[in-house]
Protein chains: 2
Amino acid sequence: MSLPHAILTALLEKPSSGLELTRRFDRSIGYFWSATHQQIYRELGRLEAEGHIRTLPAEQPARGQRKSYEVLPAGRAELARWTAAAHDPKPLRDTMLLRLRAAAVVGTDGLEADLRRHLDLHRRQLAEYEEIERRDFPPGKDAPEDRLRHLVLRAGIDLESFWTGWLDQAVRELGELPEG
Amino acid sequence: MSLPHAILTALLEKPSSGLELTRRFDRSIGYFWSATHQQIYRELGRLEAEGHIRTLPAEQPARGQRKSYEVLPAGRAELARWTAAAHDPKPLRDTMLLRLRAAAVVGTDGLEADLRRHLDLHRRQLAEYEEIERRDFPPGKDAPEDRLRHLVLRAGIDLESFWTGWLDQAVRELGELPEG
DNA sequence: CTGCCCATGTAAGCAGTTACATGATTAA
DNA sequence: TTAATCATGTAACTGCTTACATGGGCAG
């Protein structure tokens, strides 16, 4: 139940249409909460029905017409409530770790290629995050209101750093194993 | 589509009944692929229907009776195929990061308590992993067949280390923010 | 024979994914 | 006027979660 709150956050940062939200979920917010346009439109409908958002006045468009939304006070209150509420962390679920465990039983044939591919993908993502950090958070500046956003970005950077390091080691260890 | 492969891996490591599998998914395998007993029983039914596993002979039990399964050659082949196949990494999806981003908009009131709670949970998980490492992988020993399992455990340890460090910093930064 | 736990299951519902559909706008 | 693209949506399906149901064995 986080998608509606991701959308409320995005709309508070800037009122948007469904497609604009979709684009922003391909970067920015989507870096840690991805969503497709189908999810977004469905959720916008629900949020509007619940009175958490509304279409910007001055527009009452038909199908195929842009529709921009803004957050209502009830929506902001709901987001504040959700942010402060206790949520248990979700247990880790990672396919690559599972595949390595499986490889310990059925062998590592063919695994290395995809490990290298993942390593490359994570290196690219890391570079992208670091570029954003250089651009948006130059050293020694962080205004108070930027602190939290920078902290979130640091999480992304550190996680990608972990994966590149771990995958690199996995590739090296795979090369040293007897069966190849 | 990873649950059936998690189950195949677990059954190859040791033939088990549904409940034994459920217990093992509460530790071990479950550390990076969790599952409830309902999921497991349903999936066991499917895997049997597909000819990937079978109930151990010498048993043909009724409802309420233990039923143990073992992997058939077709199941092992499917697991090997899946392990070697390319899979795109899933984009990160983390509620706590989303909440911090939301807090940058609606304020941080009430957030610190849950940050501290998460920090404590991750510290416990880290300690548990480190205990397993001490027990199962004493320094300088790793036999080749243990290498991969140790690598997977290291991923768990490093991820929990990241979270404890990050959450600790988040708590400290929250304390320094103007609005508290 | 009662209550409790073990073991296996069924049913309902929700979030997310994939494929497809429709109207409006723009460019050739 | 045709094709491409923008923008919003519907429909069907899969996987996971939550709640509940059923039968067997065992301790008091």
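Just so we're on the same page: letters track the sequence lines, and every chain starts at 1. Just so it is clear, the model here is predicted, and its values are computed rather than measured.
- For C:dT17, its base sits under 3.5 Å from the side chain of A:R42 at one donor and acceptor pair at least.
- Counting only heavy atoms from C-beta outward, the side chains of B:D114 and B:H118 approach each other to under 4.5 Å.
- To the nearest angstrom, P of D:dT5 lies 16 Å from NE2 of A:H37.
- Of the residues A:Q125, A:R123, A:H122, the one that meets the side-chain hydrogen bond (donor to acceptor under 3.5 Å, both in side chains) test with A:E160 is A:H122.
- Rounded to an integer number of Å, the gap from CG of B:L19 to P of D:dG25 is 16 Å.
- Atoms CG (A:L21) and C1' (D:dT8) sit 13 Å apart, rounded to a whole Å.
- In this structure, B:Y69 atom OH and C:dG9 atom C1' are separated by 10 Å, rounded to whole Å.
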Which pairs of donor and acceptor atoms, one on a side chain in residues 72-79 of chain A, lie under 3.5 Å apart (sequence neighbours left out)?
{"unit_1": "A:E78", "atom_1": "OE1", "unit_2": "A:R81", "atom_2": "NE", "d": "3.0"}
{"unit_1": "A:E78", "atom_1": "OE2", "unit_2": "A:H5", "atom_2": "NE2", "d": "2.9"}
{"unit_1": "A:E78", "atom_1": "OE2", "unit_2": "A:R81", "atom_2": "NH2", "d": "2.8"}

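- Closest to the side chain of A:T36, from the set D:dT17, C:dT18, C:dG16, is C:dT18.
- Atom pair B:R23:CZ and C:dC6:C1' shows a separation of 8 Å (rounding to whole Å applied).
- Between atom CG of residue A:L148 and atom CZ of residue B:R99 there is a gap of 12.5 Å, rounded to the nearest 0.5 Å.
- Nearest to the side chain of B:Q38, among D:dC16, D:dC20, D:dT8, sits D:dC20.
- For the pair A:K67 NZ and D:dG9 C1', the interatomic distance rounds to 9 Å; values are reported in whole Å.
- Of the candidates D:dC16, D:dT18, D:dT10, the closest approach to any side-chain atom of B:Q39 belongs to D:dC16.
- At a threshold of 4.0 angstrom between heavy atoms, the contacts of B:T22 with the nucleic acid are absent.
- Between the CG atom of B:L3 and the P atom of D:dG15 there is a distance of 9 Å, rounded to whole Å.
- Between A:L121 atom CG and A:L126 atom CG the span is 12.5 Å, to the nearest 0.5 Å.
- Position along DNA chain C of the nearest nucleotide to B:R93 versus B:L44 favours B:L44 as the more 5'-ward residue.
- Spacing between atom OH of A:Y41 and atom C1' of C:dC20 amounts to 15 Å, rounded to whole angstrom units.
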